[in-house]
Number of protein chains: 2
Amino acid sequence: MEELDRQIVQLLVKDGRMSYTDLGKATGLSTSAVHQRVRRLEQRGVIRGYAAVVDPDAVGLPMTAFISVKPFDPSAPDDIADRLAGVPEIEACHSVAGDENYILKVRVATPRQLEELLARVRSLAGVSTRTTVVLSTPYEARPPRV
Amino acid sequence: MEELDRQIVQLLVKDGRMSYTDLGKATGLSTSAVHQRVRRLEQRGVIRGYAAVVDPDAVGLPMTAFISVKPFDPSAPDDIADRLAGVPEIEACHSVAGDENYILKVRVATPRQLEELLARVRSLAGVSTRTTVVLSTPYEARPPRV
DNA sequence: GGTGAAAGTCTAAGACC
DNA sequence: GGTCTTAGACTTTCACC
């Protein structure tokens, strides 16, 4: 990716609501040139979208956990990610190398909800689970150095 | 949190660039009422900021891994998170309950860079590491159901 | 790929309920 | 907390280079 695009992406990752005017000032381009570049970056899928970053505590989801899952029947076709796609508590699902097949990142309100979620994940996906509870998060969603 | 605020947060998590005008239409409030509420949500820290969501592959960081770390000397004061705060490859750092003390999520370009990063993490923070490489990510950063 | 200008839309602040 | 109003800023499109 070219230097100017890299700069624009970097700026938008740090502040997704930065105006095209300000992006132009920061990069030395005109407003419309920036606008065009951003549109291309969106079309090419480099920029997937924009999101408000929310404090999970403040919206009633103070409990985070990582759930590693492994199928009961390792010979069955792996449709675990699909089976879990509709579970709203799951924020991320990564297929991984190692002892387990997937790592899920989940957010819930209470330990009781985590217990209920684990039961749901096990029965929906036919997996055993190993859960690591997050105690605190010094930082998260830090902008990548693009 | 109140229903209208919940709605606004939900909408902004899905589209961080949605205009106040459109937020007003979606919630049945006037533009300025929405604007006021958003400003309050930002001030109260419910909304921490806004970010462009970027495709890691497209910006040259196709490799993701989780690194669990444990201090060599468990009796030393725990300043691991601080020591690692300046490492740009680390996207998130969670203190966790369980066998290890922290889980880091990292993004790099190549296996060789991951190797170099692991060495850096170990020596900077005085920890042993256990690394789980991500093979693919069916979904990630899904908007929480606020 | 870039610029610059015009029309339309949105933001932000103030007065008022 | 809410609405309405208004000035100014920003976005978006277009003709042109």
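On a predicted model such as this, the values are computed, not experimentally measured, just so you know. Chain letters run A, B, ... following the sequence lines, proteins first and then strands; every chain starts at 1.
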**Asked** What distance separates A:Leu117 CG from A:Ile67 CD1, expressed to the nearest 0.5 Å?
**Response** 5.0 Å

**Item:** Spacing of CZ belonging to A:Arg120 relative to CD1 belonging to A:Ile90, to within rounding of 0.5 Å
**Value:**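 Going from CZ on A:Arg120 over to CD1 on A:Ile90, the span is 8.0 Å.
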
Which of these nucleotides, [options], is closest to any side-chain atom of [X]?
X	options	result
B:Tyr20	D:dG1, C:dA13, C:dT11	C:dT11
B:Gln36	D:dT13, C:dT11, D:dG2	D:dG2
B:Leu4	C:dT11, D:dT12, D:dG2	D:dG2
B:Ala33	C:dT11, D:dT11, D:dT3	D:dT3
A:Arg37	D:dC10, C:dG1, C:dA13	C:dG1

Tell me: [atom1] of [X] to [atom2] of [N], nearest whole Å?
X	N	atom1	atom2	result
B:Arg17	C:dT11	CZ	P	11 Å
A:Leu23	D:dC10	CG	P	11 Å
B:Leu29	D:dG1	CG	P	12 Å
A:Asp15	D:dC10	CG	C1'	14 Å
A:Met18	D:dA9	CE	P	17 Å
A:Glu2	C:dG1	CD	C1'	10 Å
A:Arg40	C:dG2	CZ	P	6 Å
B:Asp22	D:dT11	CG	P	15 Å

**Prompt:** Under 30°, 30 to 60°, or over 60°: which ring-plane class applies to B:His94 and A:Phe66, parallel, tilted or perpendicular?
**Reply:** perpendicular

**Prompt:** Given D:dT11, is OP1 or OP2 found less than 4.0 Å from the side-chain N or O atoms of A:His35?
**Reply:** no

**Request:** Decide side chain to side chain contact (heavy atoms under 4.5 Å, CB included) for A:Val134 and B:Val96; before the verdict, give the C-alpha distance in whole Å, the side-chain angles of both, and the deciding distance to 0.1 Å.
**Result:** CA-CA 4 Å; A:Val134 172; B:Val96 295; 4.1 Å; yes

**Asked** Taking for each residue the nucleotide of DNA chain D with the nearest heavy atom, is it A:Thr21 or B:Ser30 whose nucleotide lies nearer the 5' end?
**Response**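 Final value for this comparison: B:Ser30.
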
**Request:** Answer yes or no for A:Arg48 and B:Tyr139: cation-pi contact, defined as NZ/CZ to six-membered ring centre under 6.0 Å and angle to ring axis within 45°.
**Result:**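 Output no; distance or angle outside limits.
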
**Prompt:** Just checking A:Ser32: base, sugar-phosphate only, or nothing, at a heavy-atom cut-off of under 4.0 Å?
**Reply:** base

